[in-house]
Amino acid sequence: MRRRRRIVTTPCRPDTRLADRDSAVLAFCSNDYLGLAAEPAIADAIRRGSERWGSGSGASHLVSGHYAPHETLEQRLAAFTGMDDALYFSTGYMANIGVMPALVGRGDAIFADKLNHASLVDGALLSRAELIRYPHCDLQALAARLAASDAPRKLIVTDGVFSMDGDIAPLPELLALAEAHQAWLLVDDAHGFGVLGPQGRGCLAHFGLASPRLIYMGTLGKAAGVSGAFVAGQRDVIDWLLNKARSYIFTTGAPPMLAEGLLTALDLIGQGDERRTHLNALIARFKAGLKLKRWQLLPSDTPIQPLVIGDNHEALAISRALDSEGLWVPAIRPPTVPKGSARLRIVLSAAHSTAQVDRLVDTLTRLETLQA
Ligand SMILES: *Cc1c(COP(=O)(O)O)cnc(C)c1O
């Protein structure tokens with residue numbers, strides 16, 4: 001179970017080199033869904049940003065570390081997601097562990113999908129609110145738990161796109177429940193922002209949802225190709241978070257040059273229909289092409305295509321066999337996923353070519369036959 005890291009010696013891209021390997025591997029593991037992580041226009045914006053702003057912000061945002069590009073970025077993110085206002089955090093993990101304790105506390109209740117990301121679990125624990133978990137996407141179970149609670153403040157939290165399963169949360173129904181029970185709904189869209197919805201505006205836009213009860217969190221290190229995260233919502237909520245979220249207040253502001261890079265990333269996301277069309281064609285091709293007997297591809301229409309193997313050792317063995325074929329697909333084991341559901345987390349990106357996806361399909365098909 002002990003994990004190790006592999007040393008990457010090329011920028012983030014499908015054709016990857018590793019320090020422990022002589023030949024290149026074809027990678028299906030990053031969350032760089034639009035292929036922006038090594039996009040020259042973003043790197044250029046960061047370079048120009050470093051010339052203008054230097055390297056560091058020097059202080060936390062509330063002291064003297066809030067720069068013009070941070071402010072512009074927040075306004076652009078709010079407009080892009082159709083929200084009043086937005087707050088830019090250094091990472092998605094920090095956003096989640098800051099936002100939840102700012103919204104609820106002792107005596108309140110958090111209702112969380114069992115498959116939520118670890119950062120949402122940690123945010124819930126830090127808040128000291130009662131953590132009530134419901135089975136994955138089980139709306140009836142959630143409704144019953146909401147009805148049974150007399151907590152003064154209720155917060156429903158869910159991944160928008162589940163990070164290890166690739167399925168999309170039933171957000172219209174979750175919002176209806178939030179409204180019926182006077183609860184907040186916090187949606188973590190780490191894997192939907194930039195990918196889902198018109199112009200990549202995310203999972204709420206995908207469903208056309210808006211409500212004062214919604215708090216939207218998106219990350220900027222996945223499809224946006226840089227790093228950081230933001231929380232968007234009503235002006236009052238964002239102002240409250242700015243004053244209360246400890247992981248926002250007690251940390252040095254991210255380098256302003258990164259905000260410059262993110263402004264360019266946001267332009268590219270908005271103009272990225274071609275990338276998204278190509279990505280969706282790859283997803284459809286992969287799903288249609290892969291005909292397996294024993295291993296089960298989970299139902300997902302997003303770039304996250306998990307192939308459940310079950311046994312930890314077998315999942316690792318298949319990941320190693322793929323590696324010897326020149327394909328990098330990591331095995332994900334418990335506790336990241338539930339016991340007995342070890343899997344290959346295959347991730348497709350707009351940076352992949354059709355031929356590269358075909359090579360993955362062919363190799364997986366051959367390996368399954370060999371293992372049988
Ligand atoms: C990656 C991820 C995060 C954390 O975001 P970082 O910016 O990487 O810290 C939070 N939630 C989900 C669902 C994620 O997949």
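Counting starts at 1 for both ligands and their atoms, following the listed order. Side-chain atoms are counted along with the backbone in the values below, which use heavy atoms only and exclude waters and symmetry mates.
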Inset, instruction - Of all the heavy-atom pairs spanning L126 and P101, show the shortest one and how long it is. - result: CB-CG, 3.9 Å
Inset, instruction - Measure the distance from atom 4 (C) of ligand 1 to every protein heavy atom, then report the residue, atom name and distance (to 0.1 Å) of the closest one. - result: Y93 N, 3.6 Å
Inset, instruction - Would you mind listing which atoms of ligand 1 come within a distance below 4.0 Å of any non-hydrogen atom of T219? - result: 5 (O)
Inset, instruction - May I ask you to identify, for K222, whether its side chain, its backbone, both or neither come under 4.0 Å of ligand 1 on a heavy-atom basis? - result: side chain
Inset, instruction - Would you tell me whether R48 and S50 have side-chain atoms, one donor and one acceptor, within less than 3.5 Å of each other? - result: no
Inset, instruction - Just jot down the ligand 1 atoms closer than 4.0 angstrom to any heavy atom of S119, in number order. - result: 10 (C), 11 (N)
Inset, instruction - Look at atom CG of D301 and say whether more than 12 heavy atoms of other residues, nucleotides or ligands are closer to it than 6.0 Å. - result: no
Legend entry - Contact check: S163 vs ligand 1, nitrogen or oxygen atoms, below 3.5 angstrom: no
Legend entry - Residue pair L220 / A229: nearest heavy atoms and the distance that separates them: CD1-N, 3.8 Å
Legend entry - Under 3.5 Å side-chain donor-acceptor pair for Y93 and D122: yes
Inset, instruction - State, to 0.1 Å, how close A19 and T9 come at their nearest heavy-atom pair, and which atoms those are. - result: N-CG2, 4.0 Å
Legend entry - Nitrogen or oxygen of D159 less than 3.5 angstrom from that of ligand 1: no
Legend entry - For atom 5 (O) of ligand 1, the protein heavy atom that lies nearest, with its residue and separation: G92 CA, 3.3 Å
Inset, instruction - May I ask you to list the atoms of ligand 1 that are less than 4.0 angstrom from any heavy atom of A190? - result: 2 (C), 11 (N), 12 (C), 13 (C), 14 (C), 15 (O)
Inset, instruction - Could you tell me whether the side chains of H136 and D165 share a donor-acceptor contact shorter than 3.5 Å? - result: no
Inset, instruction - State whether the shortest distance between N or O atoms of A229 and N or O atoms of ligand 1 falls below 3.5 angstrom. - result: no
Inset, instruction - Give yes or no for whether the N/O distance cutoff of 3.5 Å, strictly under, is met between D188 and ligand 1. - result: yes
